[in-house]
Amino acid sequence: MDNRYSADTITIAGDSPDDIERLNDIIDSAIHKRPLGRPVRTFGRRTVVPVRGHDPVEVSTVLRAAGAPGDPRPQLVFFSGTNQIRETPGGFADHHLFLIGNDVGHGLLYSPLPPDYEPPAKPDWKRPAGHLRRPVIALFDSGVREHEWLPDADPDDPFVLHPDDPALSRQWSSPVPEAPAGEPKAGHATFNAGLIRMNAPSAQVLSIRVMDGEGMVDESNVVDALLWLEDYRRTRPVDVVLMPFGRSPDDEMDDDRTLDELRAPIERLAGQGVAFVASAGNDHQSRGIHPALFDDVTAVGAGFGEYHAKFSNHGDWVDRYREGVNALSILPGDGWGRWSGTSFSAAVLAADLAHPHVA
């Protein structure tokens, strides 16, 4: 199974039970199965539909070959900027093989520091001058967790903002459950938030949980969160969107057309002055990945100047390189660790772009 697509859902335009039954009729006539279940959620103009007991990519292929209504597509899956996504002779390998560990593949490193580690001093936090406001980075990640090093300088002006804050006129509740502490990427967002805190002490982080504990990100959750962010920005500022994840394109499945659902809100927000930053990936290849490949997104590799780390993707499509090797930052449970990956290079660049703005 190609791990660049959801293992149990497809997406369609339309959401009525009749739509699903018509599609099941088409599938049944071809493979004698009715695998589609009741729609689970919508994002923009599309609906997420569960697929039971069959490969969603094959289901989509059958439907598209039959000219089925509703433009059925497999749901895209992105991976955190600390994963590696390798292609094998039989297709794309299971990403579980290339997650974090003391030494994974091209040298990716994840190493919690001992409890008696003496952390660096907290950066001085100063409220910007009266005519300036704090910059806001929307972090699309696994959800920032509490840590003693992330102080709320002022209860009314916290470092971490949440999309389900009751004070908001329209909230966004993540469909992704908070990952158990032992899962590989449970601390991914917290680590990135620590890097932002170090490199942009005046910034605020809007923590948007779209990534699960294994570093997987469903297209529908990202698009839905971006559509919500457009509404959020009508009354509250967002200056930078950090997307520390990506995926290789699949030309056979016409990914470029499918990616339009993600591209459209990025283009609209970028047109309003929001900066987008995404990780370039960790497979030491020159082929680009999305969303970093989009024109309105700055692709960030690990390295410095024009030199890249031995695991970092590279090429003319990579716009910037920042330090992402053995980065030091915080982990859930008031811990500290070192971790390598282009996720963290992207976080450093996002912090570089987060300057106080005229209020």
Side-chain angles (χ1 to χ4, degrees), residues 119-141 143-172 189-209 225-226 228-244 265-266 268-278 296-298 300 304 319-324 327-330 334 336 343-359:
K122 295 179 182 179
D124 290 335
W125 186 90
K126 294 182 180 179
R127 188 184 301 279
H131 65 292
L132 297 176
R133 65 162 177 83
R134 297 175 69 180
V136 178
I137 299 174
L139 174 57
F140 282 55
D141 207 316
V144 179
R145 312 236 179 155
E146 291 185 0
H147 193 284
E148 63 180 2
W149 212 71
L150 297 181
D152 286 345
D154 182 334
D156 297 323
D157 193 21
F159 174 74
V160 180
L161 307 172
H162 299 281
D164 58 357
D165 184 344
L168 296 174
S169 58
R170 183 188 169 205
Q171 302 166 16
W172 188 78
T190 306
F191 198 93
N192 274 326
L195 292 172
I196 292 169
R197 176 83 173 88
M198 293 178 198
N199 290 282
S202 67
Q204 293 178 296
V205 170
L206 176 60
S207 177
I208 299 177
R209 188 170 66 245
L226 284 170
W228 170 83
L229 194 67
E230 288 187 89
D231 186 69
Y232 178 90
R233 282 198 75 254
R234 293 188 176 97
T235 57
R236 297 177 183 239
V238 172
D239 305 293
V240 182
V241 174
L242 172 56
M243 295 179 155
I266 289 176
R268 290 193 297 267
L269 285 162
Q272 298 167 19
V274 178
F276 279 82
V277 177
D296 293 303
V297 177
T298 299
V300 188
F304 58 92
D319 301 298
R320 298 285 187 275
Y321 290 94
R322 289 293 186 274
E323 181 58 49
L328 172 69
S329 190
I330 59 175
D334 292 339
W336 285 79
S343 281
F344 312 128
S345 307
V348 172
L349 182 69
D352 288 348
L353 299 177
H355 304 294
H357 288 253
V358 175

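Keep in mind the model is a prediction, meaning the values are calculated, not measured.
Between M198 and L328 the shortest heavy-atom distance is CE-O, 3.3 Å. Residues S207 and G143 approach most closely at OG-CA, 3.5 Å, considering heavy atoms. G324 approaches S345 most closely through the heavy-atom pair CA-OG, 3.3 Å. Annotation for I196 and A203: closest pair CG2-CB, 4.3 Å, computed over non-hydrogen atoms. Of all heavy-atom pairs between A121 and W149, the closest is O-CZ2, 3.6 Å. Minimum heavy-atom separation, P158 to Q204: O-NE2, 2.7 Å.
Within the 4.5 Å cutoff, the side chain of V136 has no heavy atoms near those of the R233 side chain. Between R236 and L161 there is no side-chain heavy-atom pair separated by less than 4.5 Å. Inter-residue side-chain proximity for V144 and F159 is flagged as unmet; no heavy-atom pair is nearer than 4.5 Å. A 4.5 Å side-chain heavy-atom check between L195 and F191 finds at least one atom pair inside the cut-off. No side-chain heavy atom of F344 sits under 4.5 Å from any side-chain heavy atom of S329. Annotation: side chain of W172 is not in contact with side chain of L229 (no heavy-atom distance under 4.5 Å). Taking the side chain as every heavy atom from C-beta outward, P244 and D141 approach each other to under 4.5 Å.
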Start with the C-alpha gap between L226 and M243, add the side-chain angles, then the distance that decides, and say whether side-chain contact (heavy atoms from CB on, under 4.5 Å) holds. CA-CA 11 Å; L226 284 170; M243 295 179 155; 3.8 Å; yes
D352 vs R320, test: salt bridge (charged side-chain N to carboxylate O under 4.0 Å, His left out). Steps then yes/no. CA-CA 12 Å; D352 288 348; R320 298 285 187 275; over 6 Å; no
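Around atom CD of Q171, more than 12 heavy atoms belonging to other residues, nucleotides or ligands sit under 6.0 Å away.
Expressed to the nearest 0.5 Å, how far CZ of R234 lies from CZ of R170 amounts to 8.5 Å. Put simply, CG on L269 and CZ on F276 are 4.5 Å apart, with the number rounded to the nearest 0.5 Å. Note: T190 OG1 to R197 CZ = 14.5 Å, rounded to the nearest 0.5 Å. Note that NE2 of H147 is 6.0 Å distant from CH2 of W336, once rounded to the nearest 0.5 Å. If you take CH2 on W228 and CD1 on I208, they are separated by 5.0 Å, rounding to the nearest 0.5 Å. Annotation: the span from L150 atom CG to K122 atom NZ amounts to 8.5 Å, rounded to 0.5 Å.
Ion pairing between a basic and an acidic side chain is recognised when a charged N comes within 4.0 Å of a carboxylate O; D164 and R209 show no such pairing.
A donor-acceptor contact shorter than 3.5 Å is absent between the side chain of N192 and the backbone of A347.
In summary, of the residues considered (I137, L349, V297), a side-chain contact (heavy atoms from CB on, under 4.5 Å) with V277 occurs for L349 alone.
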